[in-house]
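As structure tokens, the structure follows; a few thoughts come after it.
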Amino acid sequence: MPYDDSPPPTRRARPLAVAAALAAVSLTAAGCGGQQSDRPDAAPPRPGADGASPSASSSASASASASGKPLPKGPLTGRTVVIDPGHNPGNRDHTREINEQVDMGTGRKECDTTGTSTNDGYTEARFTLDVSHRLRALLEAEGARVRLTHDADRPFGPCVDERARIGNEAKADAVVSVHADGSAVGNRGFHVILPARVKGGGADTTPIVKSSADLGARIAGHFARTTGSAPSNYVGGKTGLDTRDDLGGLNLSTVPKVFVECGNMRDPEDAALLTSESWRQKAAQGMADGVSSYLKGWGTARGLPHLSARDYG
């Protein structure tokens, strides 16, 4: 499916200056984590797996891209990444179905929601698909096998439990759920949502808490550096990271997974970024760089300085 290159309802310009302090967030430390595979074209073992057994996805077929063309050999050859575009453009026409309660591991919750939109009507579902397509192309260019949980190719959903199941069954090395927030005017910036340690019912995130935190910290650092956007000023104490135990898509995951809230669609300044095609490409690049850093095992997210609004001009 092609990128959504048509102009959103309104575009507003905003400079994307990044202060020099962001250089400290660079995650390309020398050396690779883990032991190198015998395969010359394979990525090293996944870092931060929390003692879990290695992902079986390294032996899965990685020969074809979304377009059906052979994947190039690259640093992510043998890796599987699942991208979860938040919501679905068809959800608004299926409110009864998406309000059905489904299992979220520790209780029950609605299947899905319609998502938010800018004041000018640019929907979160449209945004997440566009960014997900861009992210897929970037990761495939590095050799990763990429799967989307949906591509607006179904009437609604998937429900939150199915979204988790898709990543689990793919034995994904990383799962990224792409979103945009809908908060009050003046609440600005991005944040990455990490799974809390949850154990009960059908949920047990214990094996993925640390690896997901590593994945999330790398995405947050690269996202800030690439987009010039500051971490959220209303969630996560200006670190760009938030931990939650009420999201079925995280609670039911058995593989490293995070949600990325790219900005606040209800704030005019953030909306100007989210509706910009060039900024969306930067957002996808920041996420791709974070995922790539995590899968390559470059350096470590531990000890990185917390992102702060002080780092931004």
Side-chain angles (χ1 to χ4, degrees), residues 46 48-57 80-88 91 94-116 124-125 128 132 147-150 154-182 191-220 232 235-236 240-262 287 291 294:
R46 185 182 74 217
D50 307 353
S53 59
S55 170
S57 64
T80 297
V81 179
V82 170
I83 303 171
D84 179 28
H87 314 286
N88 181 325
N91 280 1
H94 294 273
T95 54
R96 180 182 62 80
E97 291 89 344
I98 66 171
N99 282 319
E100 293 286 337
Q101 299 286 296
V102 300
D103 177 47
M104 58 168 282
T106 56
R108 298 187 69 79
K109 199 170 185 178
E110 62 269 17
C111 159
D112 203 358
T113 64
T114 59
T116 188
E124 181 183 359
T128 64
S132 294
R147 180 178 179 184
L148 300 187
T149 59
H150 77 94
R154 52 190 292 166
F156 64 91
C159 296
V160 294
D161 57 338
E162 184 181 355
R163 290 175 187 264
R165 188 161 58 250
I166 291 169
N168 297 344
E169 291 178 352
K171 295 182 172 61
D173 295 292
V175 182
V176 179
S177 189
V178 180
H179 287 264
D181 209 0
H191 64 280
V192 180
I193 303 175
L194 315 174
R197 192 176 300 275
V198 174
K199 189 168 185 178
D204 184 3
T205 61
T206 305
I208 66 162
V209 166
K210 289 183 180 179
S211 52
S212 297
D214 187 22
L215 171 64
R218 291 170 187 269
I219 290 175
S232 170
V235 173
L241 302 172
D242 186 35
T243 302
R244 290 177 59 175
D245 62 4
D246 62 331
L247 297 174
L250 295 180
N251 288 356
L252 296 172
S253 184
T254 60
V255 294
K257 182 173 182 177
V258 298
F259 281 41
V260 182
E261 296 280 4
C262 297
M287 284 185 262
V291 171
Y294 169 75

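We're numbering straight along the sequence, starting at 1. Quick note: numbers below take in every heavy atom, side chains included, and nothing from hydrogens, waters or symmetry partners.
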| task | May I have the step-by-step check of side-chain contact (heavy atoms from CB on, under 4.5 Å) for T116 and D181, ending in yes or no? | result | CA-CA 7 Å; T116 188; D181 209 0; over 6 Å; no

| Side-chain heavy-atom pair V258, I219 within 4.5 angstrom cut-off | yes

| query | Okay, side chain of D173, backbone of V81: is any donor-acceptor separation there less than 3.5 Å? | reply | no

| query | Do H150 and N88 come close enough that some side-chain heavy atom pair is under 4.5 Å? | reply | yes

| Lys/Arg-Asp/Glu bridge criterion (N-O < 4.0 Å) met for D214, K210 | no

| said: If the condition is salt bridge (Lys or Arg N to Asp or Glu O under 4.0 Å), which residues does D246 pass it with, not counting sequence neighbours? | reply: R244

| Out of curiosity, R165 CZ to S253 OG, how far, rounded to the nearest 0.5 Å? | 12.5 Å

| From SG (C111) to CD (E162), nearest 0.5 Å | 8.5 Å

| side-chain hydrogen bond (donor to acceptor under 3.5 Å, both in side chains) between N91 and T114, worked out | CA-CA 5 Å; N91 280 1; T114 59; over 6 Å; no

| task | Before giving the answer on side-chain contact (heavy atoms from CB on, under 4.5 Å), spell out for K171 and T80 the whole-Å C-alpha distance, their side-chain angles and the decisive distance to 0.1 Å. | result | CA-CA 7 Å; K171 295 182 172 61; T80 297; over 6 Å; no

| So do V291 and L215 actually touch side chain to side chain, heavy atoms under 4.5 Å? | yes

| Taking C-beta and beyond as the side chain, do V176 and M287 meet within less than 4.5 Å on heavy atoms? | yes

| Quick one: does K257's side chain have a donor or acceptor within less than 3.5 Å of a partner on G249's backbone? | yes

| field | Closest non-hydrogen atom pair, P158 against I166 | value | CG-CD1, 4.4 Å

| request: For residues V102 and V160, determine if any side-chain heavy atom of one lies less than 4.5 Å from a side-chain heavy atom of the other. | output: yes

| query | Between N168 and T254, does any side-chain donor sit less than 3.5 Å from a side-chain acceptor? | reply | yes

| request: Using side-chain contact (heavy atoms from CB on, under 4.5 Å) as the criterion, list what pairs up with S232, not counting sequence neighbours. | output: H191, Y234, V235

| task | Report yes or no: does S212 contribute a side-chain atom to a donor-acceptor pair with the main-chain N or O of V209 at less than 3.5 Å? | result | no

| Can you name the closest pair of heavy atoms from G216 and L241 and give their distance? | O-CD2, 3.7 Å

| task | Could you list the residues that satisfy side-chain contact (heavy atoms from CB on, under 4.5 Å) with T243, not counting sequence neighbours? | result | L194, A196

| said: Just to verify, what does T128 make a side-chain contact (heavy atoms from CB on, under 4.5 Å) with, not counting sequence neighbours? | reply: P85, E124, V178

| Straight-line distance of N251 CG to M104 CE, nearest 0.5 Å | 4.5 Å

| Pair listing, salt bridge (Lys or Arg N to Asp or Glu O under 4.0 Å) test, anchored in residues 97-113, at least two apart | D112-R163

| Approximate separation, where rounding is to 0.5 Å, of T205 OG1 and K199 NZ | 10.0 Å

| Interatomic spacing from OG in S177 to CG in L247 - rounded to 0.5 Å | 9.0 Å

| field | Check: V198 and D204 side chains under 4.5 Å, non-hydrogen atoms | value | no

| note | T113 meets the side-chain hydrogen bond (donor to acceptor under 3.5 Å, both in side chains) criterion, sequence neighbours left out, with H87

| query | Which pair of non-hydrogen atoms, one from A203 and one from T106, has the smallest distance, and what is that distance? | reply | CB-CG2, 4.2 Å

| task | Report yes if some heavy atom in the side chain of V260 is under 4.5 Å from a heavy atom in the side chain of H179; otherwise report no. | result | no

| remark: I208 and P195 have their tightest heavy-atom pair at CD1-CG, 4.3 Å

| query | About how many Å separate CZ of F259 and CG of D242, when rounded to the nearest 0.5 Å? | reply | 12.0 Å

